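Heads up: the structure comes next, in structure tokens.
Reminder, nothing fancy here: chain letters follow the sequence lines and each chain counts from 1. Values in this document were obtained by computation on a predicted structure and should not be read as measured data.
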Protein chains: 2
Amino acid sequence: MSDFGDYLRKVREQRRAGDAKFSVRQLAKRVGVEPSYLSKVERGQQAPPSEKTIAALASELGEDPDVMLALAGKVSGELQAIIRRRPKLFADLIRQLKDLPDHAVLRLVREVRDGDW
Amino acid sequence: MSDFGDYLRKVREQRRAGDAKFSVRQLAKRVGVEPSYLSKVERGQQAPPSEKTIAALASELGEDPDVMLALAGKVSGELQAIIRRRPKLFADLIRQLKDLPDHAVLRLVREVRDGDW
DNA sequence: TCATGCGTGTACCATATACGACACACCCCG
DNA sequence: CGGGGTGTGTCGTATATGGTACACGCATGA
């Protein structure tokens, strides 16, 4: 049940179909880890990498870092820092939004972006 | 520069002024850790405890767990799980709210709470 | 045939996290 | 003066995290 590994493998193989630069070995090299390590991660024999490594993978693969981190069971340190600055405020808000449907949350995002906030 | 330790000590000593049950030893016992450990945490000789222990401390002291976790440099696993379920949505929203003043965010919280969402 | 690249198996490891165990010196009060 | 409670110093440690190092067998193409 390695969500992260399965996803990583799937994406990498897709990229690889059109570009040999996406072999385990070459990707590992660009990302800065050992090929055997990356291989184990893909097969779920190894827990997902650190945030730093995941970010590098996402960047190389053209994927969303937040999504990949989520699959790894993590939340980016940057987001955590934002929350920590105003813990009550953000904790309340997030809990309120927990069960709201996507479109409602999205509406909020847009409202904030476009509004005179 | 131990934010967490200083805060903990301050709060505990306040409670202690009116109730001897808030000695290091007795609080430690209720919380389920060794007194020497708690003492070191208060003085910043020891990194802040785990989320579980912080939650127990907050509960015993009548403090907000999210605030104490924030002082410890953490974000509750519960909140992280909410974010992980819809990473893009929440990541976008949180980043948008990053520099908004408190009252604006608060307005949002209320809006969601009261609205026909 | 042989160098090159591929994915992977095995073994090992450095650092961080989150504490526990125990003893010591001090103070109070009965 | 002794028994209980107080805070703290020292030492040790189990587990998790996030990897590295190296070798093996297979494929492929020159």
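- In this view, A:R110 satisfies the side chain to side chain donor-acceptor pair (under 3.5 Å) rule with no residue, not counting sequence neighbours.
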Extract all donor-acceptor atom pairs below 3.5 Å that involve side chains of residues 20-28 of chain A and protein atoms in other chains or at least two apart in sequence.
from  : atom 1 : to    : atom 2 : distance (Å)
A:S23 : OG     : A:Q26 : N      : 3.1

Protein-proximity profile, nucleotides 17-24 of chain D, B/S/- by nucleotide at the 4.0 Å heavy-atom cutoff, equals -BBBBB--
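- With a cutoff of under 4.0 Å to any heavy atom of chain A, the contacted region of DNA chain C is bounded 5' to 3' by C:dC6 to C:dA11.
- Under the side chain to side chain donor-acceptor pair (under 3.5 Å) criterion, A:S50 pairs with A:T53, not counting sequence neighbours.
- For residues 74-84 of chain B, the pairs satisfying salt bridge (charged side-chain N to carboxylate O under 4.0 Å, His left out) are A:R95-B:E78, with sequence neighbours left out.
- Considering only residues two or more places apart in sequence or on other chains, A:Y37 meets the side chain to side chain donor-acceptor pair (under 3.5 Å) condition with none of them.
- By the salt bridge (Lys or Arg N to Asp or Glu O under 4.0 Å) test, B:D99 is found to be paired with no residue, residues two or more places apart in sequence or in another chain being considered.
- Shown here are the salt bridge (Lys or Arg N to Asp or Glu O under 4.0 Å) partners of B:E60, two or more places apart in sequence or in another chain: B:R30.
- Under the rule for a salt bridge (Lys or Arg N to Asp or Glu O under 4.0 Å), B:E51 has no partner lying at least two apart in sequence or in another chain.
- Scored by the salt bridge (Lys or Arg N to Asp or Glu O under 4.0 Å) test, B:D19 finds no partners at all (sequence neighbours excluded).
- For residues 7-19 of chain A, proximity to DNA chain C is found at A:R9, A:R12, A:R16, defined as any non-hydrogen atom under 4.0 angstrom from a strand atom.
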